[in-house]
Amino acid sequence: MACWVVGSSAAEPAQRRLKSRKSAILPAVSKPLSSSRRPAISIVGPGGLGGALALTLPPAGYEVRFLAMRGKSFRGPHLRALLHGSKARVVEIGKQQLDTEVVWITVPDDAIAGVARVLAQSQDWKGKIVFHSSGALTSDELISLRDRGARVASVHPMMTFVRGAVPEMAGVAFAVEGDVVAVRVARSVVKDLGGDAFVIKKQNKVLYHVFGSFASPLMIALLASLEQVALAAGIRKTDIKPMMVPLLWQTLRNYLKHDAAAAFSGPLVRGDVATVRKHLAELESFPEARAVYIALAGAALKLLPAKNRRSLAKLLGGS
């Protein structure tokens, strides 16, 4: 359930524009109803995202009362750090009633429906609010809890969550859909975290998640290919990041200030067929990186400004 935002001042103008525009995928929602009392929350599956919520919800005024997890997960430095940062009780999924108004399920996508079924049999769910945080799956994954009286929603932050890093939620877009009452509560929680909630249509969730996947996990895959090629070029591993950071940051700044077309540079823009041919020849020894190069260059020829398109397309297509 990965997720994805640049935490630098360069992203702030884009975030302000995000607030002021209605997206075809994420149409803006109205302001949440005010509430003087924030509901207590249980987190089911406190991994990367769940752990971040356990640490960021209390400063926003929410009591995180329970961290529900599988029995074999009741140990390790990650859990100790969470318990140090919150006052939550650790319980086993389905073995302890979660007596909080909100239950937030943050397990992997493939486990959501199964965990929901286990929880549905463990207690009364009438009047409770249940979220899951899959980017691709809809609130219908929680149908077993809805059938038991809960109001459910999917609440997905467009942010990356990895062990050892707790990103700020301020300015993060949260895609929300589900039952009206649950969506209203979700909007309020997101607002208190400093995020921006948007209602998303169920049929758009998968493409929305693909959109986020390009922005973070697939970007990391691209950087892994970059490192492979850098090492082959004789660059020391310790020098790769110092060499790449200025280029990466300027590329991102150009994109945020202008658009993809204006930020695009290199041999394709110039139509340097001979250079691209040399690139492909040298990459013969690195088939994974070569496949990435061909795929991205092919997309660039269709989506971005380039010269000698026909010759370049023939070269890439015949590789």
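All values derive from a computational prediction rather than experimental measurement. Sequential numbering from 1 along the given sequence is applied to the chain's residues.
No path of Ile, Leu, Val, Met, Phe, Trp and Tyr side chains, each step under 4.5 Å between heavy atoms, connects Leu248 with Val229, placing them in separate hydrophobic clusters. Note on Val292: it does not cluster hydrophobically with Leu283, by side-chain heavy-atom contacts below 4.5 Å among ILVMFWY residues. Hydrophobic clustering (side-chain heavy atoms under 4.5 Å, transitive across Ile, Leu, Val, Met, Phe, Trp, Tyr) keeps Phe161 apart from Leu218. Linking Ile, Leu, Val, Met, Phe, Trp and Tyr residues whenever their side-chain heavy atoms come within less than 4.5 Å places Phe131 and Val181 in a single cluster. Leu145 and Ile93 fall within the same hydrophobic cluster, defined by Ile, Leu, Val, Met, Phe, Trp and Tyr side-chain heavy atoms under 4.5 Å apart, directly or through other members.
Looking at Leu301 and Leu316, their side chains come closer than 4.5 Å, going by heavy atoms from C-beta outward. In this structure the side chain of Val91 never reaches within 4.5 angstrom of the side chain of Leu67, judged on heavy atoms. Side-chain contact between Val115 and Val44 is present, with at least one heavy-atom pair separated by less than 4.5 Å. Two residues are said to be in side-chain contact when any heavy atoms from C-beta on lie closer than 4.5 Å; Met219 and Phe214 fail this criterion. When side chains are defined from C-beta on, Ile41 does not count as touching Leu53, because their heavy atoms never get closer than 4.5 Å. Using a 4.5 Å cut-off on side-chain heavy atoms (C-beta onward), Ile240 and Leu226 make contact. Proximity of His132 to Thr106: side-chain heavy atoms (C-beta onward) are nowhere separated by under 4.5 Å.
Using a distance-only test at 3.5 Å, with no hydrogens or angles considered, no donor-acceptor pair links the side chain of Asn204 to the main chain of Ile200. Side chain of Lys205 to main chain of Ser134: a donor-acceptor pair is present (N/O by atom type, distance under 3.5 Å, no hydrogens or angles). Looking only at distances, no side-chain donor or acceptor of Asp179 sits under 3.5 Å from a matching main-chain atom of Arg151.
Residue pairs meeting the side chain to side chain donor-acceptor pair (under 3.5 Å) criterion with at least one partner in residues 50-63, sequence neighbours excluded, are Tyr62-Asp192, Glu63-Arg65. The list of ring-ring contact (aromatic ring centres under 6.0 Å, His included) pairs with a residue in residues 298-318, not counting sequence neighbours, is empty. Identified under the side chain to side chain donor-acceptor pair (under 3.5 Å) test for residues 276-288, with sequence neighbours left out: His279-Tyr293, Glu284-Arg290. Residue pairs meeting the salt bridge (charged side-chain N to carboxylate O under 4.0 Å, His left out) criterion with at least one partner in residues 263-273, sequence neighbours excluded, are Arg270-Asp272. Residue pairs meeting the side chain to side chain donor-acceptor pair (under 3.5 Å) criterion with at least one member in residues 232-243, sequence neighbours excluded, are Arg236-Asp239.
Among residues two or more places apart in sequence or in another chain, the ring-ring contact (aromatic ring centres under 6.0 Å, His included) test is passed with Phe66 by none. With sequence neighbours excluded, no residue forms a side-chain contact (heavy atoms from CB on, under 4.5 Å) with Ala291. Listed by chain and residue number, His258, Asp259 satisfy the side-chain contact (heavy atoms from CB on, under 4.5 Å) test with Ala262 (two or more places apart in sequence, or in another chain). Remark: Ile220 pairs with Leu223 by the side-chain contact (heavy atoms from CB on, under 4.5 Å) rule, at least two apart or across chains. Every residue two or more places apart in sequence or in another chain that forms a side-chain contact (heavy atoms from CB on, under 4.5 Å) with Lys202 is listed here: Thr138, Ser139, Asp140, Glu177.
Contact record, Phe264 with Ala300: CZ-CB, 3.6 Å, taken as the closest heavy-atom pair. Between Pro305 and Arg309, the closest heavy-atom pair is CA-NH2, 3.5 Å. The nearest pair of heavy atoms linking Val206 to Ala136 is CG2-O, 3.8 Å. Heavy atoms only, all atoms of each residue included: Gln228 and Ala289 are closest at OE1-CB, 3.5 Å. Of all heavy-atom pairs spanning Leu49 and Pro157, the tightest one is CD1-CG, 3.8 Å. Listed here is the closest heavy atom pair of Pro217 and Gly212: CD-O, 3.8 Å.
Side-chain contact of Ser42 with Trp104: a donor-acceptor pair under 3.5 Å is absent, judged by distance alone.
Considering CG of Asp110 and CD of Glu141, their distance stands at 9.0 Å, rounded to 0.5 Å.
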* To do: Could you please spell out the steps behind the side chain to side chain contact (heavy atoms under 4.5 Å, CB included) verdict for Val162 and Thr160?
  => CA-CA 7 Å; Val162 296; Thr160 177; 4.2 Å; yes
* To do: Test side chain to side chain contact (heavy atoms under 4.5 Å, CB included) on Val103 and Ile43 and set out the steps.
  => CA-CA 6 Å; Val103 174; Ile43 296 174; over 6 Å; no
* After noting the C-alpha distance and the side-chain angles of Ile129 and Glu101, does the key distance pass the side chain to side chain contact (heavy atoms under 4.5 Å, CB included) rule? -> CA-CA 6 Å; Ile129 304 294; Glu101 296 94 326; 5.9 Å; no
* Checking side chain to side chain contact (heavy atoms under 4.5 Å, CB included) for the pair Leu222/Leu296: CA distance, chi angles, key distance, verdict? -> CA-CA 10 Å; Leu222 175 61; Leu296 291 176; 3.6 Å; yes
* Asked: Could you go step by step and tell me if His209 and His156 meet the ring-ring contact (aromatic ring centres under 6.0 Å, His included) rule?
  -> CA-CA 9 Å; His209 196 244; His156 178 264; 5.7 Å; yes
Give the table of side-chain donor-acceptor pairs shorter than 3.5 Å for residues 165-174, with sequence neighbours excluded, one pair per line with atom names and distance.
none

Side-chain donor-acceptor pairs under 3.5 Å in residues 116-128, sequence neighbours left out?
{"residue": "Ser122", "atom": "OG", "partner": "Leu119", "partner atom": "O", "Å": "2.6"}
{"residue": "Gln123", "atom": "OE1", "partner": "Leu98", "partner atom": "N", "Å": "2.7"}
{"residue": "Gln123", "atom": "NE2", "partner": "Leu98", "partner atom": "O", "Å": "3.3"}
{"residue": "Asp124", "atom": "OD1", "partner": "Lys126", "partner atom": "N", "Å": "3.2"}
{"residue": "Trp125", "atom": "NE1", "partner": "Leu119", "partner atom": "O", "Å": "2.8"}
{"residue": "Trp125", "atom": "NE1", "partner": "Gln123", "partner atom": "O", "Å": "3.4"}
{"residue": "Lys128", "atom": "NZ", "partner": "Leu98", "partner atom": "O", "Å": "3.4"}
{"residue": "Lys128", "atom": "NZ", "partner": "Thr100", "partner atom": "O", "Å": "2.8"}

